Amino acid sequence: MNDANSPSHGDHQLTDKGYVPIYTTAVVEQPWERYTATDHEVWATLYARQQELLVGRASDEFLTAQQAMGMSPDRIPRFDDLNPVLRAATGWEIVGVEGLLPELTFFEHLANRRFPVTWWIRTPEQLDYLAEPDLFHDLFGHVPLLMNPVFGDYMAAYGRGGVKAHAIGPEALVNLTRLYWYTVEFGLIRQKDGLRIYGSGIVSSKGESIHCLESDAPNRIGFDLERIMRTRYRIDSYQKTYFVIDSFEQLMDATRPDFTPIYARLASLESIPAGEVLATDTVYHRGTGEGWLNDGDV
Ligand code: PHE
Ligand code: CO
């Protein structure tokens, strides 16, 4: 990304890697002609690397959706080429943005089946680590599952729920954000042949794709809506705990009820540290905690 390809920004917002700038809220045209040969190479390198890692690690739903979407692995796809495919499948479309959006703007896009995708891509020096979402995370990580009808419905319902939680207040938003974190970004799913990845934050990360399934350090615990909404998370390291769903239908069913009374109930309960295991948890794997830092849960 050279200077002509740099986004402009103002304020800052908390993400999985710390505080990062929020950019203009406007939807922007993907400046496809301005991508450099290096930009396309970064895409191709990351794509090939993750593709290899994800065989046998990503969920069948992710891999199937990815194939149906037909993104080009060798050069950055054009949003305009992907959108007809997406629209026909589930009514979703991609809109280009400069980067993270304010929460309410983001929710409104999702509620209307528009997924904001950051148009710029990381540099070759940032292949393994980046402090904010870029094109690779957004497009490779998030967009394929929008081809899945059940998951697509979940994301739109989440957007509507976000607009509502925003009106209720900041504590409700914290509860809802944890749900996004532990499902959309870092979720695992149980298949007949074992645990698999569906979370975008994992599928777009080389290190975490392996860590979340193969390391003994983290907990792997069965999905429990209210438990998740109380659980703090890590923004600067791999997760201490991953939550496992049985199916996207389970996710839809569990999140269909009105959350208003749940937010009210949770307001009087303590939050749960990121690495804690409760007596009521369905534990698939109890983490050894190796390498965990003792503070910094958010
Ligand atoms: N049912 C939730 C509510 O009433 C909305 C929601 C749906 C939230 C799906 C997240 C995911 O707020
Ligand atoms: Co993301």
Side-chain angles (χ1 to χ4, degrees), residues 13-18 20 22-23 46 50 62 94-95 97 99-101 103-104 106-122 129-146 148-169 171-187 197-205 208-209 212 223-229 233-235 239 243 245 247-267:
Q13 183 165 307
L14 191 57
T15 72
D16 57 339
K17 303 289 165 27
V20 305
I22 312 187
Y23 303 100
L46 288 170
Q50 283 312 105
F62 180 88
I94 299 167
V95 293
V97 292
L100 279 181
L101 297 172
E103 274 163 329
L104 186 56
F106 179 64
F107 295 143
E108 283 167 344
H109 279 304
L110 296 187
N112 291 291
R113 293 189 182 249
R114 293 186 300 262
F115 194 85
V117 172
T118 305
W119 66 262
W120 56 268
I121 194 161
R122 67 194 74 182
Y129 184 87
L130 188 67
E132 59 193 297
D134 73 333
L135 176 85
F136 186 74
H137 169 77
D138 286 341
L139 195 53
F140 182 93
H142 283 282
V143 171
L145 276 181
L146 298 174
N148 179 293
V150 182
F151 193 83
D153 285 351
Y154 174 68
M155 289 294 283
Y158 180 87
R160 293 192 297 275
V163 172
K164 191 166 82 181
H166 189 268
I168 293 173
E171 289 189 6
L173 264 189
V174 167
N175 293 147
L176 190 68
T177 300
R178 289 178 183 148
L179 176 64
Y180 190 87
W181 194 266
Y182 281 120
T183 60
V184 177
E185 293 290 358
F186 293 99
I197 306 161
Y198 73 92
S200 312
I202 309 176
V203 296
S204 62
S205 160
E208 198 147 7
S209 296
C212 71
F223 176 89
D224 174 339
L225 178 70
E226 294 188 28
R227 199 277 194 217
I228 289 176
M229 290 170 97
Y233 53 84
R234 302 295 304 188
I235 59 163
Q239 299 307 305
F243 289 94
I245 60 172
S247 64
F248 292 147
E249 284 80 7
Q250 177 198 19
L251 198 53
M252 269 314 273
D253 290 345
T255 53
R256 194 168 286 124
D258 181 7
F259 285 6
T260 311
I262 301 180
Y263 295 137
R265 190 160 63 241
L266 296 186

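For this chain, numbers begin at 1 and follow the sequence in order. Hydrogens, waters and symmetry mates play no part in the numbers below; they use all other heavy atoms, side chains included. Nothing here was measured: the structure is a model prediction, and the numbers come from that model. Each ligand, and each atom within it, is numbered from 1 in the order the structure gives.
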Original post:
Which part of A165 is near ligand 1, with near meaning a heavy atom under 4.0 Å away: side chain, backbone, both or neither?
Top reply: neither
**OP:** May I ask you to decide if E185's main-chain N or O and S200's side chain share a donor-acceptor pair within less than 3.5 Å?
**Re:** no
Original post:
Are F62 and N148 side-chain neighbours, meaning at least one heavy-atom pair lies under 4.5 Å?
Top reply: no
Original post:
With a 4.5 Å heavy-atom cut-off, do I245 and Y198 have their side chains touching?
Top reply: yes
**OP:** Kindly compute the distance separating CD (E226) from CE (M229), expressed to the nearest 0.5 Å.
**Re:** 7.5 Å
Original post:
Which N, O or S atom name in E185 marks its closest approach to the Co ion (ligand 2)?
Top reply: OE2
**OP:** Can you tell me, to 10 degrees, how wide the angle at the Co ion (ligand 2) is between NE2 on H137 and NE2 on H142?
**Re:** 90°
**OP:** Pull out every atom of ligand 1 sitting under 4.0 Å from any heavy atom of A157, numbered as shown with elements.
**Re:** 5 (C), 6 (C), 7 (C), 9 (C)
**OP:** Please round to the nearest 0.5 Å and tell me the distance separating atom CG of L135 and atom CH2 of W119.
**Re:** 9.5 Å
**OP:** Could you list which atoms of ligand 1 come closer than 4.0 Å to a heavy atom of R256?
**Re:** 1 (N)
**OP:** Give me the one residue out of N175, I168, L179 that meets side chain to side chain contact (heavy atoms under 4.5 Å, CB included) with F259.
**Re:** L179
Subject >> Atoms of ligand 1 close to P257 [distance to a heavy atom under 4.0 angstrom, numbered from 1] >> reply: 1 (N), 2 (C), 3 (C), 4 (O)
Subject >> side-chain hydrogen bond (donor to acceptor under 3.5 Å, both in side chains), paired with H137, selected from E132, R122, H142 >> reply: H142
Original post:
Short N/O distance, under 3.5 Å, between K164 and ligand 1?
Top reply: yes
Subject >> Closest approach of any protein heavy atom to atom 5 (C) of ligand 1, naming residue and atom >> reply: G161 CA, 3.7 Å
**OP:** Check the pair Y154, T183 against side chain to side chain donor-acceptor pair (under 3.5 Å), reporting the backbone distance first and the verdict last.
**Re:** CA-CA 10 Å; Y154 174 68; T183 60; 3.0 Å; yes
Subject >> ligand 1 atoms in contact with D258 (distance to a heavy atom under 4.0 Å) >> reply: 4 (O)
**OP:** Could you tell me whether T255 and ligand 1 have an N or O pair separated by under 3.5 Å?
**Re:** yes
**OP:** Just need the protein heavy atom nearest to atom 8 (C) of ligand 1, so name the residue and atom and give the distance.
**Re:** F259 CE2, 3.4 Å
Original post:
Is L179 touching ligand 1 with its side chain, its backbone, both, or neither, if touching means heavy atoms under 4.0 Å apart?
Top reply: side chain
**OP:** Evaluate the ring pair (Phe, Tyr, Trp, His ring centres under 6.0 Å) criterion for residues F186 and Y233: first the C-alpha distance (whole Å), next the side-chain angles of each, then the deciding distance (0.1 Å), finally the verdict.
**Re:** CA-CA 10 Å; F186 293 99; Y233 53 84; 8.4 Å; no
Original post:
Hey, is M252 touching ligand 1 through its side chain, its backbone, both or neither, going by heavy atoms under 4.0 Å?
Top reply: neither
